[in-house]
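Because the structure is predicted, anything quoted here is derived from the model rather than measured. The figures here come from the full heavy-atom set of this structure, side chains too, leaving out hydrogens, waters and symmetry mates.
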Amino acid sequence: MNRVHYLKTDMIRLMKNYPIYIAIIGVAVSLWFSLENYAFEEGLINGNALDTYCMAVDMSGTMIAYAFCAFSYATVFCEDLENKYARYSMNRGSTCRYVVSKAIVVYGSSVITMVLGALIFVVSIRLQVPWTVSGVDQGSYLVGMYHSLVSEGHYWLYIFLYALQMGMLAGILSLAASFLSLFISNRMLILISPILMHQILMEYRGSGWFNIMLINPELHQFSSDIQYFFIVFGCSLGFSALFTWGIYKKIKGRL
């Protein structure tokens, strides 16, 4: 079995099971929950969609969205080990390819879940309010990164990039949950671990740019949008690779 077969099998397994579809809806609902009482007020936040979205992703309900992203596929390693499928699968190929394939799908499914969930949420608020409202104080999205997209009216692209970066963080947290699943067997604890890790990272984030809030384009000023995006992507890729290596070493040690 080669790497392509591993990925193909994992993708089919992901798409044929219900968790990813529940997770996508769960992310959208979590963002609504994040609005708290504003979700029931006419006009939402300042009568426009951009302010509403930015507030939703800044509030505590977002942590639940990260848990839903892990719900998609993060428990795959412990499930395969419990069902004896892991040894069978690795015997037909290699441990490294097996782990890398599943790590890619864990990360990718988390990104997809976050992005699609966020887009569903934005569609639902756009049915009620316009993107912007003249005469209302402009939000921080006009002074942070990607602000040129908003100024030029590329609102969907701004939302997509914002959600994509949140998905990159979700991918890291989901891989961290997968790594944790090799040490504990409580499925509920595994699925809520992204919330716990997110809160810890928020509490001890420090004052520099290299912290969990790097994903928030409203808070940063880099020399260019491209540089900023690749810094976020590079950090996400680096930590993901680290957790993937940890999963490989742990599984290798258990066989």
Hey, mind stepping through S72 and S109 against side chain to side chain donor-acceptor pair (under 3.5 Å) and telling me if it holds?
CA-CA 6 Å; S72 299; S109 64; 4.7 Å; no
Quick one: do Y228 and Q221 satisfy side chain to side chain donor-acceptor pair (under 3.5 Å)? Show the steps, please.
CA-CA 8 Å; Y228 169 60; Q221 288 291 336; over 6 Å; no
Is there a side chain to side chain donor-acceptor pair (under 3.5 Å) between Y204 and N211 once you walk through the steps?
CA-CA 9 Å; Y204 300 98; N211 62 71; over 6 Å; no
Mind running side-chain contact (heavy atoms from CB on, under 4.5 Å) on I125 and L31 for me, showing each step along the way?
CA-CA 11 Å; I125 61 178; L31 293 176; over 6 Å; no
Please table the atom pairs, donor to acceptor, closer than 3.5 Å between any side-chain atom in residues 188-201 and protein atoms at least two apart or in another chain.
from, atom 1, to, atom 2, distance (Å)
S193, OG, I190, O, 2.5
Q199, NE2, E203, OE2, 2.9

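With R126 contributing its side chain and V129 its backbone, the two residues share a donor-acceptor pair below 3.5 Å. S236 contributes a side-chain N or O that, together with a main-chain N or O of M168, makes up a donor-acceptor pair within less than 3.5 Å. A donor-acceptor pair under 3.5 Å is formed between the side chain of H147 and the backbone N or O of G144. Side-chain N or O atoms of S110 include none that pairs as donor or acceptor with a backbone N or O of S174 at under 3.5 Å. A donor-acceptor pair is defined here as one N or O able to donate and one able to accept, closer than 3.5 Å; no such pair exists between the side chain of S101 and the backbone of Y98. Proximity of a side-chain donor or acceptor of S30 to a complementary backbone N or O of G26 within less than 3.5 Å is detected. The closest donor-acceptor contact from the side chain of T95 to the backbone of K252 lies at 3.5 Å or more, if one exists at all.
Taking CD1 of I20 as the start and CG of L14 as the end, the distance is 4.0 Å to the nearest 0.5 Å. A distance of 4.0 Å separates CE in M59 from CD in E36, rounded to the nearest 0.5 Å. Atom CD1 of I104 and atom CG of D10 lie 9.0 Å apart (nearest 0.5 Å). From M55, atom CE reaches atom CG of L35 across 6.5 Å, with rounding to the nearest 0.5 Å. Between T244 atom OG1 and Y107 atom OH the span is 10.5 Å, to the nearest 0.5 Å. The line from CG of N186 to CG of L180 is 10.0 Å long, rounded to the nearest 0.5 Å.
Among all heavy-atom pairs drawn from S178 and V106, the shortest one is OG-CG1, 3.8 Å. Closest heavy-atom contact between I247 and L175: CD1-O, 4.0 Å. Taking both residues in full, the closest heavy atoms of S224 and M145 are given as O-CE, 3.4 Å, listed atom of the first, atom of the second, then distance. In terms of heavy atoms, C235 sits closest to I172 at O-CD1, 4.3 Å. Contact detail for S34 and S60: the closest heavy-atom pair is OG-N, 3.9 Å.
Ring geometry for F239 versus F210: interplanar angle under 30°, hence parallel rather than tilted (30 to 60°). Aromatic ring orientation, F233 versus F229: parallel (interplanar angle below 30°, classes split at 30° and 60°). Between F243 and F179, the angle of the ring planes lies from 30° to 60°, which puts this pair in the tilted group.
Between D225 and S148 there is a side-chain heavy-atom pair separated by less than 4.5 Å. Contact of the S124 side chain with the F121 side chain is registered, since non-hydrogen atoms from C-beta on lie closer than 4.5 Å. Looking only at side-chain heavy atoms (C-beta outward), M166 and T62 come within less than 4.5 Å of each other. Contact of the L149 side chain with the F160 side chain is not registered, since no non-hydrogen atoms from C-beta on lie closer than 4.5 Å. Between R13 and V76, the closest side-chain pair of non-hydrogen atoms falls below 4.5 Å. Between M114 and Y66, the closest side-chain pair of non-hydrogen atoms falls below 4.5 Å. Between N216 and Q165, every side-chain heavy-atom pair lies at or beyond the 4.5 Å cut-off. Side-chain atoms of W245 and K249, non-hydrogen and from C-beta on, do get closer than 4.5 Å to each other.
Counting non-hydrogen atoms of other residues, nucleotides and ligands closer than 6.0 Å to CZ of F183 gives a total above 12. Applying the 6.0 Å contact sphere to CD of E42 captures no more than 12 heavy atoms from other residues, nucleotides or ligands. Enclosure of atom CG in L127 by more than 12 non-hydrogen atoms of other residues, nucleotides or ligands within 6.0 angstrom is indicated. For F33, the CZ atom counts as loosely surrounded, since its 6.0 Å shell holds 12 or fewer non-hydrogen atoms of other residues, nucleotides or ligands. Within a 6.0 Å sphere centred on CH2 of W32, heavy atoms belonging to other residues, nucleotides or ligands number more than 12.
When the side chains of ILVMFWY residues are joined at heavy-atom separations under 4.5 Å, either directly or via intervening members, L157 and V122 end up in a single hydrophobic cluster. The hydrophobic cluster containing M202 also contains L214, counting ILVMFWY residues as joined when their side-chain heavy atoms lie under 4.5 angstrom apart, directly or transitively. Following chains of ILVMFWY side-chain contacts shorter than 4.5 Å, one cannot reach I215 starting from M63, and the two form parts of different hydrophobic clusters. Under the 4.5 Å side-chain heavy-atom criterion for Ile, Leu, Val, Met, Phe, Trp and Tyr, Y21 and V111 are members of the same hydrophobic cluster. Follow the hydrophobic side-chain contacts under 4.5 Å out from L169 and you reach V105 in the same cluster.
Taking the centre of each ring, Y53 and Y162 come in below the 6.0 Å mark.
Y73 and N17 are not linked by any side-chain donor-acceptor pair at a separation below 3.5 angstrom, with hydrogens and angles left out of the test. Judged by distance alone, the side chains of S181 and T75 never bring a donor and an acceptor atom under 3.5 Å apart. Residues Y38 and T52 bring no donor and acceptor atom of their side chains to less than 3.5 Å of each other. Residues N48 and T132 have side chains that never bring a donor and an acceptor to within less than 3.5 angstrom of each other. No side-chain N or O of E218 forms a donor-acceptor pair with one of Y146 less than 3.5 Å apart.
With respect to R187 and E82, no salt bridge is recorded, no charged nitrogen being found less than 4.0 Å from a carboxylate O.
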